[in-house]
Amino acid sequence: MTTVDNTAFRYRTAVPEDAEAIEALDGSFTTDTVFRVTVADDGFALREVKVDPPLTKVFPEDEYDGDDADSRTFVAHGAAGHLAGFVTVSYSGWNRRLTVENIEIAPEHRGRGVGRALPRLARESQVAEGPQAGGRQRAGFRGGRASTG
């Protein structure tokens, strides 16, 4: 168990029983800043622009396109046992790259370090267990959503 902001969080590899909570997690967010792409002398630059009223963003669910043996999902649970967030990562052996496919943190747990801790757990797990770990402990998730096929 890890304590962040005086709140204890439990981090672990997802199991099929986590699917319902993952599906129900509110991944939307509100922002009062957007980034505008501008052309610079050496390429492109991002410029922060304030927006009023603030924008709320809701991402569509990813489509599940079959089994991905190199995909793993890790979850964080708060002290009361409720899902605080999850990250789904995939590993590409040819370039030894771990890619974050999806990450969502429950609104009440944002800003408490959960979003930094989950990818760190995935990376540490990959280093400790090697590239074959992706398929061995996969819990039936892809892109953070429970698989149906």
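- Val89 is not listed as a side-chain neighbour of Pro119, based on a closest heavy-atom distance of 4.5 Å or more.
- Partners of Arg12 by salt bridge (Lys or Arg N to Asp or Glu O under 4.0 Å), not counting sequence neighbours, listed by chain and number: Asp18.
- A search for side-chain hydrogen bond (donor to acceptor under 3.5 Å, both in side chains) contacts involving Thr56 returns Thr30, not counting sequence neighbours.
- Residues Val49 and Thr33 have side chains not in contact (no heavy-atom distance under 4.5 Å, counting atoms from C-beta outward).
- Shortest non-hydrogen contact noted between Val114 and His109 is CG2-O, 4.2 Å.
- Counting only distance, with no hydrogens or angles, the side chain of Arg110 and the backbone of Ile105 share a donor-acceptor pair below 3.5 Å.
- Atoms CZ and OH, from Arg96 and Tyr91 in turn, are 6.5 Å apart once rounded to the nearest 0.5 Å.
- Heavy atoms only, all atoms of each residue included: Gly78 and Phe9 are closest at CA-CD2, 3.9 Å.
- With sequence neighbours excluded, no residue satisfies side-chain hydrogen bond (donor to acceptor under 3.5 Å, both in side chains) with Arg120.
- Nearest heavy atom pair, residue Leu83 against residue Leu25, reads O-CD1, 4.2 Å.
- Both Val100 and Leu121 are members of a single hydrophobic cluster when ILVMFWY side chains are connected at heavy-atom separations under 4.5 Å.
- Between Ile22 and Thr73 there is a side-chain heavy-atom pair separated by less than 4.5 Å.
- Using modelled atom types and a 3.5 Å distance limit, the side chains of Thr88 and Arg72 yield no donor-acceptor pair.
- Rounded to the nearest 0.5 angstrom, Phe86 CZ and Tyr11 OH are separated by 14.5 Å.
- Contact detail for Ala14 and Val75: the closest heavy-atom pair is CB-CG1, 3.9 Å.
- Residues Phe44 and Val37 share a closest heavy-atom pair of CD2-CG1, 3.9 Å.
- For Ser71 and Ser90, the side-chain atoms include no donor-acceptor pair closer than 3.5 Å.
- In this structure, the side-chain contact (heavy atoms from CB on, under 4.5 Å) partners of Asn95, at least two apart in sequence or on a different chain, are Ser92, Arg97.
- When the side-chain hydrogen bond (donor to acceptor under 3.5 Å, both in side chains) test is applied to Asp32, no partner is found at least two apart in sequence or on another chain.
- Taking CG of Leu118 as the start and CZ of Phe74 as the end, the distance is 9.0 Å to the nearest 0.5 Å.
- Partners of Thr99 under the side-chain hydrogen bond (donor to acceptor under 3.5 Å, both in side chains) rule, at least two apart in sequence or in another chain, do not exist in this structure.
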